[in-house]
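For reference, the structure discussed in these notes is given below.
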Amino acid sequence: MMTRILSCCTLAALALTGCNELQSALAPRGDEARRVALLTWILFAGAAAILFAVGGALALAIAGPCRWRRALGGERAIRLGGIAFPMVTLTILLGYGVWLMRETIASDRPAALRVEITGEQWWWRVAYADQGGIRLSEANEIRIPVGREIDLVLRSADVIHSFWVPSLGGKLDMIPGRTNTLRLRADRPGIYRGQCAEYCGGPHALMALEVVALPEAEFAAWLRSAGPQPSAPASIGERRGSELFQAAGCGACHAIRGTEAAGTIGPDLSRVGQRRFLAAATIPNTPENLARFIAKGQSLKPGNAMPEFRVFSEEELQVLTAYLGSLK
Amino acid sequence: MSLLARARAASRWLLASWRRVLGTALILIVAGLAGITLFAWIGVYNVAASTGHFHVVDLFLRFGMENSVKTRAPGTTLPSQDDEDTVRLGAGHFHGGCAYCHGSPGTPVSPVAASMLPPPPDLKDKVGLWRDGELFWIVKHGLKYAGMPGWPVLQREDEVWALVAFLRRLPMLDREAYRALAMGEVADESQTGAELAAGRGTSDSVEACARCHGLKEAPRSQLVPILQGQPEAMLADALRAYAAGERDSGVMQTAVSGLSERLISRLAAFYSDLPRPSLRSTLPPERAMLDRGEGLAREGVPSRGIPACMNCHGPDGLPTYPKLAGQPARYLEGRLQAWRTGLNGRNATGVIMAPIARRLSPRQAADLAAFFASLPPGAGRNDRVER
């Protein structure tokens, strides 16, 4: 018995090591997430109190004084504890929850920024929109200004996905044919990881994203620097890489602003060199990993929609990754 | 006691109980197996092909074979006997894969093949005895114990049907007509004695690409691609993939299997340098089909994950990618169809193309094939097509 309890405790402790600042509902870094966390703690505390009370009542019903046992065994106890109490408690909780979440569901204040996020099998299409239409296409990494309210416009291109960045807010489904809006605000600069939280087929487990919260000035500079013309390839290798990118037909699926590549099937690569991760936040963005993803992507992310390009030689992969890495 | 009475008594004793019946049956089976093993072990049976079968054994084997084929063959018939494209493709493969054993019009069965048991028949007299489905079944699966091989790539039933189409034509052919069909522009027999002695310039060889693909002229079958002027790297890759069995074609694997790496490079360089012949004229497809095909080829269908074909297959594409402008429509459609049925997805370029081809509907594939066939060779991404 003792060893079983010990091993359970060890397992629980191991599970706790999974909680970190990067992706945790228990480490809120925004209003929305804080409200979710508050509600969570209220629920935990309430559930603990009820568990304690039920345990006590059970003990009294078995071994308590005669008067207690009679009271607990009567119909009155069931009416009160089994019907009235849950109804009142749950109604109060629902009311409180709706009141708490009123900001998330409908806010009158205009958002500082609208970011359109479309769930695709198995990556996130990101578009920074303004009144004049879409300004900037990105993928799998969402940059936002700190301290400002952001509206995330969530859609799906194929099946149901679910957008969840636990440190910033609750999860919201992306449903084909529907548009859901999630309002978030990050309190402090940092990187917050999120994941698709609704099984969406094949490599669903490898469909993650990162929200990078930047100080406002830095964010504005980042947004401004996304001009229509990318910097020209600096070295001979990079230029060869850019030629190879066009000749190999990469541009049929991927876009790079200011070049002939204007494909919209896969992620926009205009600033792929700037991203921290590849393949929807699953592998670190290094030249080696990029080369592996191009040539042997199915072993890194089985089932992903990009066919393996085994046609490239080692040297060709090198110039190609040098070029892509230079896109910032 | 008479013999009969004794036998009667023995059988009465045997049949008296189930145990005795079963025991006796078991003893007989074991004795039979031991007898057969002994028969094979002491080598009393003569396996020599030279001695032939006893007449009765021959009749029995033939009886069994004919009934087996009739039972298993599909009831399908040849779609069209006048489809010259399939007849020519079948003729080309017949010459490379079948004629050595079966002979061809004007060329008798080789003495080596004729010494097989059973000797391969001259097909002129035989094809009329079988229905289309039966011929198809024999060509596809071959015949056990007869030396008749099955098709190298069983999934390519379209190739098997092409051979059946040719077999239906075979009885009507004389030597000249056969050579014209199977060898096309390399059918002439003007080699000098010295060339013949050195084995050079013989258009009969299996590897003679030009029999089907042409040299100065375009392929005579619309099911066969134009190789002249294609990128060298792409041709060499294709040959390597066929030789390694990574591309699925019984016809091409047979033709290429004997080529060394050095010959592959030379062959690829040779065809790549040949001037591009013009496509044999076919019925022009309808305008709407070409328009749909052009839209697909230039824009793709992003919402369905279909990229624009021209990005890879236009004039600026990698040298490992084929140029599609001016290829026969039937060939292109067949290639797309093969990918949709799960073939050809193993070599480096097949891996890229297979998932894309699988997203195309049969109509989209037909539209694309018609559009690319209508393009003049070398047409580019943004060239407008005059119609």
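If you're wondering where the values come from, they're calculated on a predicted model, not measured in any experiment. Below, chain A is the first sequence line, B the second, and so on; all start at residue 1. Reckoned from all heavy atoms, side chains included, excluding hydrogens, waters and symmetry mates.
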Checklist entry - Distance from B/Asp316 atom CG to A/Glu260 atom CD, nearest 0.5 Å? => result 7.5 Å
Checklist entry - CZ of A/Arg178: more than 12 outside heavy atoms within 6.0 angstrom? => result no
Checklist outcome for this item: Rounded to the nearest 0.5 angstrom, the SG-CG distance for A/Cys250 and B/Leu318 is 8.0 Å
Checklist outcome for this item: Heavy-atom nearest pair, A/Thr264 first then B/Pro302, reads OG1-CB, 3.4 Å
Checklist entry - So, do A/Val311 and B/Asp237 sit near enough that their side-chain heavy atoms are less than 4.5 Å apart? => result no
Item to check | Non-hydrogen side-chain atoms of A/Phe309 and B/Val351 separated by less than 4.5 Å | outcome: no
Item to check | Over 12 non-hydrogen atoms of neighbours within 6.0 angstrom of CZ in A/Arg193 | outcome: yes
Checklist entry - For B/Ile356, is it the side chain, the backbone, both or neither that has a heavy atom under 4.5 Å from a heavy atom of chain A? => result neither
Checklist outcome for this item: Scanning both residues in full, the closest heavy-atom pair of B/Ala308 with A/Ala252 reads O-CB, 4.1 Å
Checklist entry - Contact part of A/Ala248 toward chain B, heavy-atom cut-off under 4.5 Å: side chain, backbone, both or neither? => result both
Item to check | Neighbour count >12 (heavy atoms, 6.0 Å) for atom CH2, B/Trp339 | outcome: yes
Next on the checklist: Is it the case that atom CZ in B/Arg292 sees more than 12 heavy atoms from other parts of the structure closer than 6.0 Å?
Outcome noted: yes
Item to check | Non-hydrogen atoms of A/Arg310 and B/Arg346 that approach each other most closely | outcome: NH1-O, 3.5 Å
